[in-house]
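Below is one structure, written out as structure tokens; the observations come after it.
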Amino acid sequence: MSVVLQAYRFALDPNPVQEAGLRSHCGAQRFAFNWGLGKVKANCEQRKAEASYGLDGDELTPPVGWSAYGLRKDWNQAKDTVAPWWQENSKEAYSSGLSNLATALKNWGDSKKGNRKGRKLGFPRFKGKRSGLSCRFTTGSVGLADHDRRHVKLPRIGVVRTHESTRKLARRVDTGAARIRSATVSYRAGRWFVSFSVEITRNDPAPAQPGVTVGVDLGIKSLAVLSTGEVIDNPKHLEVALRELRRLQRQASRRTGPDHRSGQKPSNRWRKTQARIATLHTTVANARRDGLHKLTTWLVRTFGAIVLEDLNVAGMTRNRRLTRQVAGVGMAELRRQVEYKASWAGLRVHIAYRWYPSSKTCSDCGAVRTKLHLSDRIFTRPSCGMSMDRDLNAAHNLANLVDATTSSPSCGATENEPDGNPHKTRTTRAADIATGRPAPNSAGQRRHRKVPTHDTLSHVS
């Protein structure tokens, strides 16, 4: 039993008056975000200009506070002047916009100082009217309607009907196992949604096979190949929808679209086609998400330990021949779902080192091949007589990593099998990558990356 934060999302069916109120609140959040960003940006530029004149220390203009508290304090002092209509919306709309700005500025500052992982983030930019509509409510009348499982309550908006029943959340709220902390409304592909952030007490069942470790090899031909022999087919939702998507995009190109240079406004036919394109993309995304949820839930409730690879999905999408196929699988989303669902159930997910050669390693004898082309779908090793599908072989290697010793994190792989021209093989480099030890800088070897000396496995609890 554990207490976690979980989101419940429901589609809304607002009437015209309520929809206008939702749009007004989302616009108020955008206005507060842009106002705070303009104030911070002007202050930074002023201080930079003063510093160029030789001023420093107390001679510079005092900096503007970037915290959510400081931004809200400045907003309360200036809102009657900059937004005399602010009382038309809930104060939560402006607070959520300033809170989002504070988070964006903090992320930019941490990225600039090197305290944030991932790619470098740029300075926040102003939001336009064509940006996504969203607004968050943390106080006020937020929650489910009393004695009704088809309505929700939002501040200043009132009671809004939902497209689906809210019984899954209502039952937990009635029994005291869940507490609603905030609600976020958003507009996606022609439909309004509300997402409740809920503090919930979960009591997930124990896995059906607690002593079984499964290795999961993700791919494009098959969505996942398990070390137990199961093969999860790739539904290829985007590939199936491409024919209809191409037809709609050709249709949109024949109609009058917007032209910002001449001020030309799009026609109603163009808007309708764009709405159909957005709906098709949403349908594909929902189908992909539903399939991943079903797969990850089954994995967590079946096996006691799950081993995944630390895939460089961003790098894989740079291959122009495989970009669409890799993006359509949702590898990063699958790993994210497995990790948080395993934490709910009290399980541990093992993440294999990114450069561990799971496909090149023989799962029978542990030898590592120096070359294995992507077109080689069958892994063969004549010396030990092993012949197996390469994805299944990789899944076996991932599952074996959990039982590997610390001294040999790659299942004892010390032997390499040359493939192709023996004069062009790099046996030393392949062996070092397999065992996780850095290779020496010898002649004829180019070092593209540094291999860290930590273990092949990392644990996510």
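Just so you know, these numbers come straight off a predicted model, no measurement behind them. Heavy atoms only: backbone and side chains are in, while hydrogens, waters and symmetry mates are out.
- To the nearest 0.5 Å, atom CZ of residue R167 and atom OG of residue S165 are 4.5 Å apart.
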### Message
Under the criterion salt bridge (Lys or Arg N to Asp or Glu O under 4.0 Å), I'd like the reasoning laid out for R116 against D110: C-alpha separation, chi angles, the key distance, then a yes or no.
### Response
CA-CA 5 Å; R116 177 183 172 88; D110 293 342; over 6 Å; no

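- Taking the side chain as every heavy atom from C-beta outward, V152 and F196 approach each other to under 4.5 Å.
- Between L71 and V40, some side-chain heavy-atom pair lies under the 4.5 Å cut-off.
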### Derivation and outcome, side-chain contact (heavy atoms from CB on, under 4.5 Å), residues R247 and R243
CA-CA 6 Å; R247 188 188 69 82; R243 182 177 181 181; over 6 Å; no

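- The shortest non-hydrogen separation linking A178 to V198 is CB-CG1, 3.5 Å.
- A distance of 9.5 Å separates OG of S2 from CD1 of I200, quoted to the nearest 0.5 Å.
- Side-chain atoms of H350 and L401, non-hydrogen and from C-beta on, never get closer than 4.5 Å to each other.
- Put simply, the side chain of I351 does not reach to within 4.5 Å of the side chain of V307, judged on heavy atoms.
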### Test side-chain contact (heavy atoms from CB on, under 4.5 Å) applied to L22 and W192, step by step
CA-CA 9 Å; L22 291 174; W192 287 94; 3.8 Å; yes

### Task
Evaluate the criterion salt bridge (Lys or Arg N to Asp or Glu O under 4.0 Å) for residue pair E309 and R335; output intermediate values, then yes/no.
CA-CA 9 Å; E309 289 182 292; R335 172 179 170 178; over 6 Å; no

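- Nearest approach of A189 to A278, heavy atoms of both residues: CB-O, 3.8 Å.
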### Message
Test side-chain contact (heavy atoms from CB on, under 4.5 Å) on I306 and L308; report intermediate values, then the result.
### Response
CA-CA 7 Å; I306 303 173; L308 299 174; 4.2 Å; yes

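- Without hydrogens or angle criteria, T296 side chain to L334 main chain gives no donor-acceptor distance under 3.5 Å.
- Put simply, the side chain of L98 does not reach to within 4.5 Å of the side chain of S95, judged on heavy atoms.
- In terms of modelled atom types and a separation under 3.5 Å, the side chain of T162 and the main chain of A11 share no donor-acceptor contact.
- Ring orientation note: the planes of W298 and F303 are nearly perpendicular, at an angle over 60° on the 30°/60° scale.
- Looking at S111 and K120, their side chains never bring a donor and an acceptor atom within 3.5 Å of each other.
- Defined by atom type and a distance below 3.5 Å, a donor-acceptor pair is present between the side-chain atoms of R255 and T273.
- A distance of 8.5 Å separates CG in L218 from CE in M316, rounded to the nearest 0.5 Å.
- The minimum heavy-atom distance between L154 and A183, with the atom names listed, is CD2-CB, 4.3 Å.
- Within the 4.5 Å cutoff, the side chain of T184 has no heavy atoms near those of the V194 side chain.
- Taking every heavy atom of both residues into account, P207 and V300 meet most closely at CB-O, 3.8 Å.
- Here the side chains of I220 and V326 are in contact, with some heavy-atom distance below 4.5 Å.
- Side chain of K113 to main chain of W108: no donor-acceptor pair is present (N/O by atom type, distance under 3.5 Å, no hydrogens or angles).
- There is a side-chain donor-acceptor pair under 3.5 Å between D148 and H151.
- For the pair V313 and A332, the tightest heavy-atom approach, listed with the atom from each and the gap, is CG2-N, 4.3 Å.
- Of the residues listed (V338, V216, L223), the one engaging L295 in a side chain to side chain contact (heavy atoms under 4.5 Å, CB included) is L223, and it is the only one.
- Taking the six-membered ring wherever Trp is involved, the centroid distance between the rings of W344 and Y340 falls below 6.0 Å.
- Scanning both residues, G128 and R30, for their nearest heavy atoms gives O-CD, 3.3 Å.
- The line from OG1 of T213 to CG of L398 is 11.5 Å long, rounded to the nearest 0.5 Å.
- Judged by distance alone, the side chains of T139 and E92 do bring a donor and an acceptor atom under 3.5 Å apart.
- Without hydrogens or angle criteria, Q274 side chain to R271 main chain gives no donor-acceptor distance under 3.5 Å.
- Between K168 and R172 the shortest side-chain heavy-atom distance does not fall below 4.5 Å.
- Judged by distance alone, the side chains of R202 and Q6 do bring a donor and an acceptor atom under 3.5 Å apart.
- Proximity of a side-chain donor or acceptor of S24 to a complementary backbone N or O of G21 within less than 3.5 Å is not detected.
- Between the side chains of N89 and R156, no donor-acceptor pair is found at a separation under 3.5 Å.
- More than 12 heavy atoms of other shown residues, nucleotides or ligands fall within 6.0 angstrom of atom NZ in K127.
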### Message
side-chain contact (heavy atoms from CB on, under 4.5 Å), that's the test. Do T282 and R188 meet it? Break it down for me.
### Response
CA-CA 8 Å; T282 303; R188 298 290 183 272; 5.6 Å; no

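- Between atom CG of residue L144 and atom CZ of residue R149 there is a gap of 9.5 Å, rounded to the nearest 0.5 Å.
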### Message
Determine whether R336 and E339 satisfy the following criterion, salt bridge (Lys or Arg N to Asp or Glu O under 4.0 Å), listing intermediate values before the conclusion.
### Response
CA-CA 5 Å; R336 185 189 70 88; E339 289 180 350; over 6 Å; no

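- Rounded to the nearest 0.5 Å, atoms OG (S186) and CZ (R9) are 6.5 Å apart.
- Side chain of S267 to backbone of W270: a donor-acceptor contact under 3.5 angstrom is found.
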